[in-house]
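Below, read A as the first sequence line, B as the second, and so on, with proteins coming before strands; counting in each chain starts at 1. Reckoned from all heavy atoms, side chains included, excluding hydrogens, waters and symmetry mates.
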Amino acid sequence: MIEERDSHNFIEQIIVDDLAAGFSSDKLRFRFPPEPNGYLHIGHAASICLNFGLGEMYNAPVNLRFDDTNPAKEEQEYVDAIKNDIQWLGFQWATECYSSDYFQQLYDWAIQLIKDGKAYVDGQSADVMASQKGTPSTPGVAGPFRGASVDENLALFARMKAGEFEQGSYVLRAKIDMASPNMLMRDPILYRIVKRAHHRTGNDWCIYPMYDWTHGESDYIEQISHSLCTLEFKMHRELYDWFLDQLYDPALLRPKQREFARRNLSYTVMSKRKLLELVEGKTVTGWDDPRMPTISGLRRRGYTPDSIRKFSDLSGISKRDSVTDVSLLEYCIREDLNKSATRVMAVLDPVKLVITNYPSGKTEMLEAENNPEDPNSGTHELPFSGELYIEREDFKEDAGNKFFRLTLGNEVRLKSAYIIKGESVVKDASGNITEIHCTADLESRSGSGTEASTRKVKGTLHWVSIQHAIKAEVREYDRLFLDEAPDSHEEKSFMQFINPESLKVIKEAYMEPFLKDASLSDKFQFQRLGYFTLDKDSTSENLVFNKTVGLRDSWAKQNPAPSPQANQPKPQNNQGGGLPQGQRSALNEIQKIAKKYTNLSGEKLAGARADIAKLAEEVSYEELEPLFQTAAKKVGTRIGAMIALSVLLNKGQDRNSEIEAFISAGLADENEELVNEAKGIKN
RNA sequence: UGGCUUAUGGUGUAACUGGCAACACGUCUGAUUUUGGUUCAGAAGAGUCCAGGUUCGAGCCCUGGUAAGCCAACCA
């Protein structure tokens, strides 16, 4: 499929440029390099979609490479979860690689570096080495080990590898430049001693290579053409290139690193460390808690691979820090599920509805559409009877005319069933409604084809038959944090912003019996409520549904709901809001034209001047006056205001001090046009 | 007090070699609707961080500022 695309993100542009400069497209090769020390999250999805997307676009291989150089933090569990998530997203890697597969090669190259006098063993403490390193604004100094001979270094390094030294006692460092403005170039560590079993190499090694030494060389070994990573590695690029310089064979492809901004999502955190803290602190139930921004959490919540890929696509790639609003993610999943989710009915907060004229004891099977968006989706059966549950908030004894739901004396449609009219309510001693009594128009059954069945009524309600309903648990989720960017506050921990009401469990919701056969992969729309999916905690006796996301709800927006949630709409500055529509647009037009006024000349200029003058006929002085305050730089706008002012004065507007001040400021301006307009008024 | 990077509607991204700042989300109208969903039609909202400069013309080029992010782990 050829994608219609006239603009590339800057990474794609780099590749386009490389190709144009003669780089052969069959040498294109990418990689996704996770460290197996945590679960993948929605931020990783950006990198996954970028790398694998590039692979698909150019039909180039994309390796999955586990960057497993730290046996203290990495585990097989994470390897399995990461592979599962990538496959679930629908991507196929060319080769499954591990940095640990290159340990021997890396070691051999390190020996070479020592022999070339480019690396040395340092036996100082971490503290001492840190102090010698200097600070970003002051250069570092050489330590006593820096001048050791090649033979001494070779011997020491061999003993490190042989396990003769304690963990932490010696390191191998590159010998670069202790005075470099780039701290990473001040003799970075290549190897450290870690006496710990590795998930793949076991106890074969007790020295492990560091990230910088490993990553670029792994790219080189795999002949990755474009090594894409996030911005915080920008500084590492100099080191990446330095290492390559030491061992690069010109006959082979030389990888290059490029950096893009990591993606943040509003109202959540996105670092593995913080996510781990949520898991270990039991704030959530696990990495796949449906409130987590992990791929596995989103999957359990009911998100689809398509929705996540769409989200990555819409979010784009750039080099600036940003926080993408969750509403975009929600849009993506709604859009996907709207097309595919099976429509069913469930009542979360029930109140009993009795249809007094429906034959007592009678039940009938109705037909319900599976998905009105998909004509081929078919129907399913739905039992109806004279005693139903409806949503408590769908009834009000007396309500304004904007309430489209059930009230006393009003008609509404029961979805896929009959039109009913509210007649009376039954209340308990404390005044709570326990039953609503209504009558049905028995001719109005949906799909019956009668005239009554096609009558228009204002509202439609979802319902379940009490006798036939199945009970199930429903879990509703809200954002995990109350702050838009919980980890952006220097003085406060992100944990202080935890939303205490991020999980709401409804132990007994009532659902149509169709749902008893639901499976984990099914996606449902509970009509009028939102999208739901079965949770893995479900058993055949106790079904558990997760709410993926609610439907858009323009009714809820109108009602300033007393909800304590963090959904407060941000105030938007709506300038000029108090002014009549027509006049505002005339002034706006003037501003628009005037903005570019100084760019014009000749006929165009004359035309613009005439347009402004004409529009000014519809502008009042009160509207115009604020423009007198326009910054001196915005000459065009001031000229426009001057022209408009002249029109108003001709119409009989009295001169006041503001007007005089504006005119004299115009006369004193450097811009000739402005001076001319001001002169024109002066007379 | 050093270095690197970034700065475009509320949010996220576009704008080719300088040429009327575009798209999506969100917001607001209206129509349609057996989901207050969907769909459809429309609107509001940005002088492109600031100050200068070059140019007929600057978001883009030049100079100088400002702000934000990253950089001193034997983490990746």
Can you tell if the side chain of A:Phe66 reaches within under 4.5 Å of the side chain of A:Glu74, non-hydrogen atoms only? no
Contact class for A:Tyr418 (heavy atom, under 4.0 Å): base, sugar-phosphate, or nothing? nothing
Is any side-chain nitrogen or oxygen of A:Lys319 closer than 4.0 Å to OP1 or OP2 of B:rU6? yes
Taking N and O atoms by type only, does the side chain of A:Arg320 place a donor or acceptor under 3.5 Å from a partner on the base of B:rG69? no
Give a yes or no on whether A:Glu367 atom CD has more than 12 heavy-atom contacts from other residues, nucleotides or ligands under 6.0 Å away. no
Please determine whether any donor N or O and acceptor N or O are separated by less than 3.5 Å between the side chain of A:Gln525 and the base of B:rU35. yes
Closest of B:rG36, B:rU27, B:rA76 to the A:Arg552 side chain is B:rU27
On a plain distance test, is the side chain of A:Arg413 in donor-acceptor contact with the base of B:rU34 below 3.5 Å? yes
Strictly by modelled atom types, are A:Asp122 and A:Gln124 linked by a side-chain donor-acceptor pair under 3.5 Å? yes
Tell me whether the side-chain N/O atoms of A:Arg65 come closer than 4.0 Å to OP1 or OP2 in B:rA76. no
Are the ring of A:Tyr331 and the base ring of B:rG26 both nearer than 5.5 Å at their centres and tilted by less than 30°? no
Taking atom types as they are modelled, would you say the side chain of A:Glu373 forms a donor-acceptor pair with the base of B:rG37 within the 3.5 Å cutoff? yes
What's the gap between B:rC50 and B:rA46 when it is taken at their P atoms, as a whole Å value? 14 Å
Starting at atom CG of A:Asn264, determine the distance to atom P of B:rU11, rounded to an integer number of angstrom. 14 Å
Base, sugar-phosphate, or nothing: which does A:Thr138 touch, judged by heavy atoms less than 4.0 Å apart? nothing
Would you mind telling me which of B:rG2, B:rA14, B:rC74 lies closest to the side-chain atoms of A:Ser137? B:rG2
Establish, for the pair A:Lys415 and A:Trp463, whether the NZ or CZ atom is under 6.0 angstrom from the six-membered ring centre and no further than 45 degrees off its axis. no
Candidate nucleotides B:rA76, B:rA72, B:rU11, ranked by approach to the side chain of A:Asp325 - the nearest: B:rU11
Is the backbone N or O of A:Val326 less than 3.5 Å from a side-chain atom of A:Ser266, with the two atoms forming a donor-acceptor pair by type? yes
Between A:Lys523 (side chain) and A:Asn338 (backbone), is there a donor-acceptor pair under 3.5 Å? no
Let's see if you can work this out: which of B:rU34, B:rA72, B:rA76 has an atom nearest to the side-chain heavy atoms of A:Met183? B:rA72
Would you say A:Arg186 reaches B:rC71's phosphate, i.e. side-chain N/O to OP1/OP2 under 4.0 Å? no
Could you please name the option among B:rU35, B:rC75, B:rG12 that lies closest to any side-chain atom of A:Ser315? B:rG12
Using a cut-off of strictly less than 4.0 Å, decide whether A:Lys456 has a side-chain nitrogen or oxygen near OP1 or OP2 of B:rU34. yes
Could you please name the option among B:rG36, B:rA76, B:rG37 that lies closest to any side-chain atom of A:Asp67? B:rA76
Taking 4.0 Å as the cut-off, does a side-chain nitrogen or oxygen of A:Lys234 come that near to OP1 or OP2 on B:rC71? no
Report which part of the nucleic acid A:Gly447 touches: base, sugar-phosphate, or nothing (heavy-atom distance under 4.0 Å, all strands). base
Can you find a side chain N or O atom of A:Thr69 that sits less than 4.0 Å from OP1 or OP2 on B:rA76? yes
Look at all strands and tell whether A:Pro139 reaches a base, only sugar-phosphate, or nothing, counting heavy atoms closer than 4.0 Å. nothing
A:Ser322 side-chain N/O to B:rU13 phosphate OP1/OP2 under 4.0 Å: yes
A:Trp555 ring over B:rG36 six-membered base ring, under 5.5 Å and 30°: yes
Pick base, sugar-phosphate or nothing for A:Lys458, based on heavy-atom distances below 4.0 Å to the nucleic acid. nothing
B:rG2, B:rC74, B:rA14: which one has an atom nearest the side-chain heavy atoms of A:Pro136? B:rG2
Pick the C1' atom in B:rU33 and in B:rU39, then give their distance to the nearest Å. 9 Å
